[in-house]
S.K.: 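Sharing a structure, written as structure tokens. Questions coming.
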Amino acid sequence: MKSGIRWLLRITILLIALAAGGTFIPQPLIAPVKASSSAATHRILLLSGPIHTDIAIPLDEETRAVFSFLDDPGFPLDHPNAEWLVVGWGGRAFYLETPTWADLKPLPVLRALTIDRSVLHVDLAGHITEPQSAVTAFDIGDDELARLRQFIADSFVRNAGEIAPIPDAGYREIDRFFEAKGYFNALFGCNTWTAAALRSAGLRTGLWNPLPQSLRSSVGVYN
């Protein structure tokens with residue numbers, strides 16, 4: 001019994017150390033040097049929930065052009081009230097089958113704790129109020145926003161050049177799910193994808209950010 005408790009204590013200490021190191025060791029280690037002519041004229045948002053994060057990018061003319069492959073009558077990119085394109089990446093079973101905590105089931109949890117195929121969730125949002133605890137805002141330049149758009153666009157699985165929507169999958173009337181590149185697991189999941197997306201936009205994150213709280217802390221320290 002005592003041996004088991006010691007091992008549990010060691011594992012707990014190791015996880016705490018990894019989480020702390022992942023939060024406070026920056027990636028990239030050396031801050032990038034930005035050209036003085038690159039004005040930070042675009043605002044992007046990190047949207048945080050208890051266990052998941054999304055990225056919201058401004059739904060301007062260039063964003064609509066890059067993501068024109070999403071546009072259809074059921075997902076109107078040109079809707080006059082749409083201000084943001086909201087994107088998240090996650091495990092297929094958990095993401096599709098758990099729209100609310102009341103829908104939590106054992107099998108999706110098991111898949112999330114082991115390994116699962118990944119999906120992208122896309123949605124349109126109107127005005128997002130700032131400041132609020134669940135929203136972290138960053139101002140970036142033209143080149144950084146272009147790289148972020150490309151990172152997100154490259155995360156979609158394509159078959160013969162066409163994206164792969166998941167039929168009849170969504171939480172509301174407009175949002176959609178699509179097959180995504182990569183595999184999900186508890187150590188490298190939705191929040192590590194979000195962190196990689198932010199790094200593509202020239203921001204610094206922690207070395208390993210498996211939880212929203214870790215990601216928010218690291219981007220707050222280094223940006």
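These numbers come from the heavy atoms of this one structure, side chains and all, not from hydrogens, waters or symmetry mates. These numbers were taken from a predicted model, which means no experiment stands behind them.
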S.K.: Look at atom CD of E173 and say whether more than 12 heavy atoms of other residues, nucleotides or ligands are closer to it than 6.0 Å.
M.R.: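 Count not over threshold, so no.
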S.K.: Please check if the side chain of D175 supplies one atom and the backbone of R172 the other of a donor-acceptor pair under 3.5 Å.
M.R.: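 Yes.
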S.K.: Spell out, yes or no, whether L198 and I152 are grouped together once hydrophobic residues are joined by side-chain heavy atoms under 4.5 Å, including indirect joins.
M.R.: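 Linked within one cluster.
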S.K.: What's the verdict on side-chain contact (heavy atoms from CB on, under 4.5 Å) for R216 and L46, showing C-alpha distance, side-chain angles and the deciding distance?
M.R.: CA-CA 8 Å; R216 284 202 311 269; L46 170 65; 4.2 Å; yes
S.K.: Would you compute the distance between atom CD1 of I115 and atom CG of L187 and round it to the nearest 0.5 angstrom?
M.R.: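 I115 CD1 to L187 CG: 10.5 Å, rounded to 0.5 Å.
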S.K.: Enter the distance from N185:CG to T192:OG1 here, rounded to the nearest 0.5 Å.
M.R.: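 Spacing of CG (N185) from OG1 (T192) equals 8.0 Å.
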S.K.: Counting C-beta onward and ignoring hydrogens, is there a side-chain heavy-atom pair between T53 and L215 closer than 4.5 Å?
M.R.: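 Yes, side chains in contact.
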S.K.: Kindly determine whether H42 and D142 satisfy side chain to side chain donor-acceptor pair (under 3.5 Å), including the steps that lead there.
M.R.: CA-CA 7 Å; H42 303 286; D142 292 343; 2.5 Å; yes
S.K.: Closest heavy-atom contact between P210 and A186?
M.R.: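 Closest pair (atom of P210, atom of A186, distance): CB-O, 4.3 Å.
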S.K.: How close do A137 and L45 get, heavy atom to heavy atom, and via which atoms?
M.R.: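 The answer is CB-CD2, 3.6 Å.
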S.K.: Is any NZ, NE, NH1 or NH2 atom of the basic residue among E179 and R158 found under 4.0 Å from an Asp or Glu carboxylate oxygen of the other?
M.R.: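 Salt bridge between E179 and R158, a charged N being under 4.0 Å from a carboxylate O: no.
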S.K.: Look up atom CZ in R149 and atom OG in S200, then write down how far apart they are to the nearest 0.5 Å.
M.R.: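 Rounded to the nearest 0.5 Å, the CZ-OG separation comes out at 11.5 Å.
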S.K.: Any side-chain donor paired with an acceptor under 3.5 Å for T63 and D60?
M.R.: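 The criterion, which ignores hydrogens and geometry beyond distance, is satisfied for D60 and T63.
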S.K.: Can you check whether F178 reaches V119 side chain to side chain, under 4.5 Å on heavy atoms?
M.R.: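 Not touching, per the 4.5 Å side-chain cut-off.
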S.K.: Below 4.0 angstrom, N of the basic side chain to O of the carboxylate: do D116 and R92 qualify?
M.R.: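 A salt bridge is absent here (no side-chain N lies under 4.0 Å from a carboxylate O).
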S.K.: Would Y183 and F188 count as a close aromatic pair, with their ring centres under 6.0 Å?
M.R.: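 Aromatic pair excluded; centres sit 6.0 Å or further apart.
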